[in-house]
Amino acid sequence: MNDTARQITLTEWDRRYAELRAAGLCEPEYGGPLGRHVDDGDLRLQKLRMDNSAAALRLWNFFLSEEDRLHRCIAQGKKLVGTMKDLGTVPVMAYSLSNLVAFYPDGAWWLPCVMECSTGLLETADSLGIDDSFCPVRALLGAFVQQENFPLPGLLVCSVGATCDDFSAIAQRLESLGFPILWWEIPHRRRPEPFEAAIELPGGFLAPDDQVAFVKSELQRVREALEAYSGEKLTDALLSAGIGRANQVRSLLSALRQRVYCANPCPLPSLEMLIAEMLAIHFCSDHNETIEVLTELLDEVDRRVQAKTGILAADAVRVFWVNPVADLRAMNLLEDAGGRVCGAEYMISHALDAIPTDLPPMEALARTALADTMVGSAADRAQRICADIARFGAEALVISRIPGASHCAMEAAVIGEVVQARIDIPILEIEVPPLTDAIEPTLRTRLEALVETVRERRRIDR
Ligand code: SF4
């Protein structure tokens, strides 16, 4: 069997899967050939190139089998909590209770891409008055109405306040359709005034202590709602244990990011790294399995690093990527152009930072929620991006905008200005819709131009 690390198509994966099975591959219950997901409607897989390792196979199968897992949880007597918008905090609380399973309906964001707009989710959102002037997260409205993409949760929780206009409007529309929501408020994070006590948050931002206290009181309301729904007391001891388990995932991801983004040649494609990072926000509905999946990926990366092998040429241009892409294929396009991702801010950095364990658990969770890069200013977010660009040695920055997204109308300009003032690297701003096929030649050309600019700089610097 040829075990050379490389990216392969879905058709090649069929052959690869047969080889791995013949060689004795053991799989978890959700395992199987990737091609079966196309039969379930995940058509975009046919246009992607994926890593050829058994670890990547497990990652993809885990990611694509979440709906089945949620149905199985219900059959086992567990209760579902739909957590919306905070991306990484309320699920830690929910998973601290033994009979709750949290997931993000916001994840419907990727359905138009993965299912190649074949299920009418966006059309349903259109019919409800939420048209394409909104970001693709509007697909969640279609998913709730059609009830075909995930089972309906018995409790829906959503953060408001420092939340983008798109999500506020969409969640309010959802509630108007008869889906009750427990709202909790997160304020816009501001820098402390000189006379205020400043609290350092995970990741390094500062916030005034009264904002932390306010978020803690809001999360206390969520805690009480989770207790009432679950029928179990959410004690500090349970919360601390839940924080410990979340930190296990965060620590594995931190190690994975450090090794993949710093190694040369690149040991794991940006597409698989993007999916892996997303596991941090709610563990894809199975915390233990997330740990297994990430551990196997890390082992594979370690093997490749030790063997000095990778999936891209050693001179691939090191790019820092801002914002998740609505079309997963965009990550393949960067690598086709001669680039690789070395650092990313996919709007979930606060879900990757370790949650403090030397504080009372609700205080620690409040600080984590306020550390969200999306609840502060774009300038703050840019500072964090600058620090990570330096840490991972990126040579270029791509700011990938999301069509219709209100959070980033001017954000790219602000981030670009801050980065430009501090670091001398070329910056490219692009927009990535859920399906890039129609604009692929333009996207390719722009990414190739960025890569060529960096290569020219390298030649001059030599
Ligand atoms: S506008 Fe931005 S932050 Fe809001 S839901 Fe869309 S992608 Fe997320």
Quiz item: Is there a side-chain hydrogen bond (donor to acceptor under 3.5 Å, both in side chains) between Ser254 and Arg257 once you walk through the steps?
Solution: CA-CA 5 Å; Ser254 167; Arg257 281 163 56 92; over 6 Å; no
Self-check item: Charged N-O contact under 4.0 Å between Lys85 and Asp166
Solution: no
Quiz item: Measuring from Asn149:CG to Thr119:OG1, what's the distance to the nearest 0.5 Å?
Solution: 5.5 Å
Self-check item: Pairwise distance CG(Asp327) to CG(Leu443) - rounded to 0.5 angstrom
Solution: 9.0 Å
Quiz item: Tell me the salt bridge (charged side-chain N to carboxylate O under 4.0 Å, His left out) pairs involving residues 233-242, sequence neighbours left out?
Solution: Arg223-Asp236, Glu227-Lys233
Exercise. Assess whether side-chain hydrogen bond (donor to acceptor under 3.5 Å, both in side chains) is satisfied between His37 and Asn61, documenting all intermediate values.
Key: CA-CA 9 Å; His37 298 293; Asn61 273 327; 2.7 Å; yes
Self-check item: Rounded distance [0.5 Å steps], CG in Leu226 versus OG in Ser96
Solution: 9.0 Å
Quiz prompt | N-O pairing of Arg340 and Glu335 below 4.0 Å | solution = no
Quiz item: Do Arg384 and Glu345 meet the salt-bridge criterion of a basic N to acidic O distance under 4.0 Å?
Solution: no
Self-check item: Check: Phe150 ring centre within less than 6.0 Å of Phe103 ring centre
Solution: yes
Quiz prompt | Any side-chain heavy-atom pair of Ile181 and Val157 under 4.5 Å | solution = no
Quiz item: Less than 6.0 Å separating the ring centroids of His287 and Tyr95?
Solution: no
Self-check item: Short N-O contact, Arg422 and Glu417, less than 4.0 angstrom
Solution: no
Quiz item: Is it true that Glu300 and Arg303 make a salt bridge, defined as a side-chain N closer than 4.0 Å to a carboxylate O?
Solution: yes
Quiz prompt | Within residues 120-147 or reaching into it, pairs that qualify as salt bridge (charged side-chain N to carboxylate O under 4.0 Å, His left out) - sequence neighbours excluded | solution = Asp126-Arg138
Quiz item: Under a 4.0 Å N-O cut-off, is there an ion pair linking Arg221 with Glu224?
Solution: no
Quiz item: Does Thr368 use its side chain to pair, donor to acceptor, with the backbone of Ala364 at less than 3.5 Å?
Solution: yes
Quiz prompt | Residue of the set Glu272, Glu289, Glu29 for which salt bridge (charged side-chain N to carboxylate O under 4.0 Å, His left out) holds with Arg58 | solution = Glu289
Exercise. Using a strict 4.0 Å threshold on nitrogen-to-oxygen distance, state whether Arg72 and Asp286 make a salt bridge.
Key: no
Quiz item: Does Asp106 have any salt bridge (charged side-chain N to carboxylate O under 4.0 Å, His left out) partners at least two apart in sequence or in another chain, and if so, which?
Solution: none
Quiz item: Taking 4.0 angstrom as the limit, do Arg36 and Asp39 come out as a salt bridge?
Solution: no
Self-check item: Short N-O contact, Arg381 and Glu411, less than 4.0 angstrom
Solution: yes
